[in-house]
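Read the structure below first, then the notes.
We number each residue from 1, following the sequence as shown. Side chains are part of it too, since the values below use all heavy atoms of this structure and drop only hydrogens, waters and symmetry mates.
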Amino acid sequence: DELHQEAEASMVRNDVAGATERYLEACKLRRALDLMADTPEDHPLLSKKGDGGFRRAGRLKLRHDAEQLEHLVALGKLPEKPYAVAAKVFRSMLPHLPEQHAAVDLGAGVHKLMDRLHNRATHLTVPGRRSTALAPDFDAVALERRFRESELAPEASGCEAQNGVAYADGLLSKETLQALLDWCLESTMWFSSRAGYVASW
């Protein structure tokens, strides 16, 4: 909690690097992985219900988690044992979870790897910083001009101070987009289950 508060304070100061570091450390501490021992009974996330806890699982999320572990093993980011086995355990549970719910809270004892690995900070990575994340041909001046020149719909009464609406395509460079994609694929940070997608808060 203290690290989360420090991270939020860093964001207020526009210290993105400091906030990133503190959020990452907070996640590692709260969701630390220990494959050699059961999670202590007094761990705040063990008994917590819903997305914030260790035991919330759904069919879509377990399939995602299994695929992510397999991806990390294939890249050499994680060893095959026990993570490929854990992926098989996750897949074996899919038929036993209800289809009518996005996720449910599981009891302990389904499998040791499930109890000790699910919803943990198994592998976290941070995209490297760049001098600029923008595409070299992105025209910020033209975007601002389109925003200021666009007209609001007549139904948008009360929003006149916002000037208008504009969209930006080709904003980020290919290198930045690839770094973001790698971060999403390689970080086991998707702890929340929704109908049709997984999420991270």
Side-chain angles (χ1 to χ4, degrees), residues 1-31 50-52 56 58-72 74-78 102-103 119-201:
D1 290 339
E2 184 177 338
L3 281 170
H4 270 284
Q5 292 173 4
E6 291 178 6
E8 290 172 1
S10 296
M11 288 298 290
V12 171
R13 296 193 303 271
N14 199 28
D15 178 11
V16 177
T20 301
E21 181 179 342
R22 286 166 179 80
Y23 277 128
L24 188 65
E25 287 304 312
C27 184
K28 288 179 179 178
L29 283 173
R30 288 178 63 84
R31 297 183 179 270
D51 287 332
R56 174 57 60 100
R59 295 167 64 92
L60 177 69
K61 184 180 180 312
L62 276 185
R63 183 182 301 280
H64 163 273
D65 291 354
E67 291 177 354
Q68 188 172 39
L69 289 176
E70 291 162 351
H71 177 68
L72 289 166
L75 290 177
K77 304 280 186 177
L78 290 177
N119 274 346
R120 304 309 204 276
T122 306
H123 186 272
L124 298 175
T125 184
V126 178
R129 299 195 69 185
R130 290 164 172 73
S131 57
T132 179
L134 300 178
D137 55 350
F138 172 66
D139 192 341
V141 174
L143 175 65
E144 182 179 359
R145 184 177 63 253
R146 290 199 304 274
F147 174 75
R148 297 191 179 282
E149 292 176 354
S150 65
E151 295 184 4
L152 290 170
E155 293 80 11
S157 177
C159 298
E160 290 80 1
Q162 296 181 17
N163 297 315
V165 177
Y167 68 89
D169 198 10
L171 173 66
L172 301 178
S173 67
K174 292 181 179 179
E175 294 78 12
T176 300
L177 290 171
Q178 185 62 54
L180 288 171
L181 177 61
D182 292 342
W183 173 55
C184 290
L185 290 175
E186 297 176 15
S187 291
T188 56
M189 59 186 178
W190 310 100
F191 305 127
S192 299
S193 301
R194 294 291 184 272
Y197 66 97
V198 294
S200 182
W201 313 108

Next on the checklist: What I'd like to find out is whether the side chain of Phe138 reaches to under 4.5 Å of the side chain of Leu143, using heavy atoms alone.
Outcome noted: yes
Checklist entry - For the side chain of Ser200 and the backbone of Met189, is there at least one donor-acceptor N/O pair under 3.5 Å apart? => result yes
Item to check | More than 12 heavy atoms from other groups under 6.0 Å of CG on Asp137 | outcome: yes
Checklist entry - Are any of the side-chain heavy atoms of Arg194 and Val198 separated by less than 4.5 Å? => result no
Checklist entry - Can you tell if the side chain of Leu24 reaches within under 4.5 Å of the side chain of Val126, non-hydrogen atoms only? => result yes
Checklist outcome for this item: In this structure, CD of Glu186 is separated from NZ of Lys77 (nearest 0.5 Å) by 4.5 Å
Checklist entry - To the nearest 0.5 Å, what is the distance between NE2 (His4) and CG (Leu29)? => result 9.5 Å
Item to check | Residue pair Ser192, Tyr197: steps toward the side-chain contact (heavy atoms from CB on, under 4.5 Å) verdict | outcome: CA-CA 9 Å; Ser192 299; Tyr197 66 97; over 6 Å; no
Checklist entry - Between CG of Leu171 and CG of Leu134, what distance do you get to the nearest 0.5 Å? => result 5.5 Å
Item to check | Closest heavy-atom pair and its distance - Ala19, Ala7 | outcome: CB-O, 3.5 Å
Item to check | Step-by-step side-chain contact (heavy atoms from CB on, under 4.5 Å) determination, Leu124 to Lys28 | outcome: CA-CA 8 Å; Leu124 298 175; Lys28 288 179 179 178; 3.8 Å; yes
Next on the checklist: Counting only heavy atoms from other residues, nucleotides and ligands, does the tally under 6.0 Å from CH2 of Trp190 exceed 12?
Outcome noted: yes
Checklist entry - Hey, is the main chain of Leu172 close enough, under 3.5 Å, to the side chain of Thr176 for a donor-acceptor pair? => result no
Item to check | Where Ala102 and Ser193 come nearest, the two heavy atoms and their spacing | outcome: O-CB, 4.1 Å
Next on the checklist: Could you measure the distance from the OG1 atom of Thr122 to the CG atom of Leu78? Nearest 0.5 Å is fine.
Outcome noted: 7.0 Å
Checklist entry - Can Leu185 and His71 be said to form a side-chain contact (heavy atoms from CB on, under 4.5 Å), step by step? => result CA-CA 8 Å; Leu185 290 175; His71 177 68; 4.1 Å; yes
Next on the checklist: Measuring from atom CZ of Arg30 to atom CD of Glu25, what distance do you get when rounded to the nearest 0.5 angstrom?
Outcome noted: 14.0 Å
Item to check | Rounded distance (nearest 0.5 Å) linking atom CG of Leu3 with atom CD of Glu8 | outcome: 11.5 Å
Checklist entry - So do the side chains of Phe191 and Arg56 get within less than 4.5 Å of each other, counting heavy atoms only? => result no
Item to check | Shortest non-hydrogen separation from Lys61 to Asn119 and the atoms involved | outcome: NZ-OD1, 2.9 Å
Next on the checklist: Contact between Arg22 and Ser10 at the side-chain level, heavy atoms closer than 4.5 Å - yes or no?
Outcome noted: yes
Next on the checklist: Could you walk me through whether Lys174 and Leu177 satisfy the side-chain contact (heavy atoms from CB on, under 4.5 Å) test, starting with their C-alpha distance in whole Å, then the side-chain angles of each, then the deciding distance to 0.1 Å, before giving a yes or no?
Outcome noted: CA-CA 5 Å; Lys174 292 181 179 179; Leu177 290 171; 5.6 Å; no
Checklist entry - Would a 4.5 Å heavy-atom cut-off, applied to side chains only, mark Arg63 and Arg59 as touching? => result no
